[in-house]
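Atoms within a ligand are numbered from 1 in the order they appear, just like the ligands themselves. For this chain, numbers begin at 1 and follow the sequence in order. In what follows, every heavy atom counts, from backbone to side chain, and hydrogens, waters and symmetry copies are set aside.
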Amino acid sequence: MTREFFPATYPGLKGRAVLNTGAAKGIGYAMAQAFARHGAHLMLVDMDGAALEAAAERLRTDYPDARVETYQGSVTDEADVAAACTACADAYGSLDILLTNAGISMNRPSIELSLDDWRRALDVNLTGTFICAQAAAKHMIAQGGGVILNTASMWGLSASANRAAYCASKAGVISLTEVLADEWAGHGIRVNAICPGYIRTALTDELISQGKLDLPAIEARTPQGRMGTPEEVAEMAVYLASDAAVFINGHSHLSDGGFRARGF
Ligand SMILES: NC(=O)c1ccc[n+]([C@@H]2O[C@H](COP(=O)([O-])OP(=O)(O)OC[C@H]3O[C@@H](n4cnc5c(N)ncnc54)[C@H](O)[C@@H]3O)[C@@H](O)[C@H]2O)c1
């Protein structure tokens, strides 16, 4: 029997200030919905201004009790990130939870991968995560603690041909997660990584339409026989951010329908 998705509730998330990057679409938007459902206060960050405002409007309509603010900017820009963190603290009095979710794919044969493409993937996925974590941690240390959840990928834990820059960037995010968890635990900050498997979003839909992802092959390769949904990944985020997970620190958590377990 296939069990239906059944989200849990974490009342302690009510009123927590969440800064969420890449929040306009896909997994980031689903995370925003999940935290809004809990009555958290949201500072949504994305470089796509139109999509960001549309997302904020939808959230305000669907969750009238949620407080939703936006900051348009790039996670690769230190000034943007610092300003977004300050805007969150100014609006809500704290920055309790950081979701570093903004990321880009980079599917190219390594022999054709340009240095510009390599740098872009590393810049957004890894350096952007560091910039956000450092900026948020300055607020969290001052206020006595917080939670950081970095969206890595199952491709940060396993190799995949034609994804050198993406795999390296996400493996870097996993390593960074472990280092920061160790370094900041004494400040009351927990740092974990979320590693989605194949999830149906605009990012993967585009790769499918370009022929860079083979949907039937992914479904056949996944023990549960399907791609995941953004909501299923978001559910892991609310759990890991909640006080139900207070002793979970420095780990990478997969949601992949059994993809990685299947092995060779
Ligand atoms: N979809 C999957 O199957 C999958 C699997 C594993 C990991 N991930 C990771 O999950 C995260 C979200 O993926 P998604 O599928 O929802 O992607 P998506 O493309 O649907 O959404 C990503 C969002 O991030 C924003 N963004 C991109 N670069 C940015 C930047 N420099 N600054 C601010 N915002 C930026 C985009 O505008 C977009 O709104 C990414 O880090 C991705 O690598 C996705």
For Tyr198, the atoms of ligand 1 under 4.0 Å from one of its heavy atoms are 3 (O)
Check: Is any side-chain heavy atom of Glu53 less than 4.5 Å from a side-chain heavy atom of Thr70?
Finding: yes
Looking at Lys25 and Asp46, is there a salt bridge between them, counting it only when a charged N and a carboxylate O are closer than 4.0 Å?
no
Ile27 heavy atoms within 4.0 Å reach ligand 1 at atoms 10 (O), 16 (O), 44 (C)
Near Thr204 (heavy-atom distance under 4.0 Å), the atoms of ligand 1 are 1 (N), 2 (C), 3 (O)
Taking every heavy atom of Ala32 against every heavy atom of Leu44, the minimum-distance pair comes out as CB-CD2, 3.8 Å
For Thr151, the atoms of ligand 1 under 4.0 Å from one of its heavy atoms are 9 (C), 10 (O), 11 (C)
The answer for which part of Ala152 has a heavy atom under 4.0 Å from ligand 1 is backbone
For Ala202, the atoms of ligand 1 under 4.0 Å from one of its heavy atoms are 20 (O)
- Please tell me if the side chains of Leu95 and Met140 come closer than 4.5 Å, counting only heavy atoms from C-beta onward. yes
With heavy atoms and a 4.0 Å threshold, my read on which part of Ile199 contacts ligand 1 is both
Taking distance alone, with N or O pairs closer than 3.5 Å, would you say Asp48 contacts ligand 1?
no
Among non-hydrogen protein atoms, atom 21 (O) of ligand 1 lies closest to Lys25 CB, 3.9 Å
Nearest non-hydrogen protein atom to atom 32 (N) of ligand 1, with distance, is Val75 N, 3.0 Å
Candidates Ala23, Ser105, Pro196; heavy atom nearest atom 6 (C) of ligand 1 found on Pro196
To atom 5 (C) of ligand 1, the nearest of Gly197, Ser255, Ser153 on a heavy-atom basis is Gly197
The option among Tyr166, Tyr71, Trp155 carrying the non-hydrogen atom nearest to atom 8 (N) of ligand 1 is Tyr166
One should read off an interatomic distance between Cys195 SG and Arg260 CZ, to the nearest 0.5 angstrom, of 8.5 Å
Worksheet item: Are Met236 and Tyr198 co-members of a hydrophobic cluster defined by side-chain heavy atoms under 4.5 Å apart?
Response: no
Closest to atom 37 (O) of ligand 1 among protein heavy atoms sits Asp46 OD1, 2.6 Å
Item to check | Test item: Gln33 and Tyr63 side chains (from C-beta on) under 4.5 Å apart, heavy atoms | outcome: yes
request  = With the side chain counted from C-beta on, respond yes when His251 and His253 share a heavy-atom pair under 4.5 Å apart, and no when they do not.
outcome  = yes
Close side-chain approach of Pro196 to Ile27, heavy-atom, < 4.5 Å:
yes
Close side-chain approach of Thr177 to Val173, heavy-atom, < 4.5 Å:
yes
Logged contact type for Leu52 with ligand 1, heavy-atom cut-off 4.0 Å, is neither
Taking the side chain as everything from C-beta on, heavy atoms only, tell me whether Tyr29 gets closer than 4.5 Å to Pro230.
no
among protein heavy atoms, the one nearest atom 24 (O) of ligand 1 is Gly22 CA, 3.3 Å
* Classify the angle between the aromatic ring planes of Tyr10 and Tyr239 as parallel (below 30°), tilted (30 to 60°) or perpendicular (above 60°). => tilted
Counting heavy atoms under 4.0 Å, the part of Lys170 that contacts ligand 1 is side chain
Problem set entry | Six-ring centre of Phe259, Arg221 cation under 6.0 angstrom, axis tolerance 45° | yes
Gly73 heavy atoms within 4.0 Å reach ligand 1 at atoms 32 (N), 33 (C)
for atom 12 (C) of ligand 1, nearest protein heavy atom and its distance come out as Asn101 OD1, 3.5 Å
ask   = Within the structure, does Gly28 bring an N/O atom to less than 3.5 angstrom of an N/O atom in ligand 1?
value = no
- prompt: Is there side-chain contact between Val75 and Thr100, with at least one heavy-atom pair below 4.5 Å?
  reply: no
Ranking Gly49, Gly26, Gly103, Ala121 by closest non-hydrogen atom to atom 22 (C) of ligand 1, top hit is Gly103
protein heavy-atom neighbour closest to atom 20 (O) of ligand 1 works out as Leu203 N, 3.6 Å
For atom 14 (P) of ligand 1, the closest protein heavy atom turns out to be Thr201 OG1, 3.6 Å
Heavy atoms of Thr21 and Leu19 approach each other most closely as CG2-CD2, 3.8 Å
Ligand 1 atoms nearer than 4.0 angstrom to some heavy atom of Ala24 are 39 (O)
Closest to atom 35 (C) of ligand 1 by heavy-atom distance, out of Ala102, Ala30, Ser74, is Ala102
Nearest non-hydrogen protein atom to atom 34 (N) of ligand 1, with distance, is Met47 N, 3.4 Å
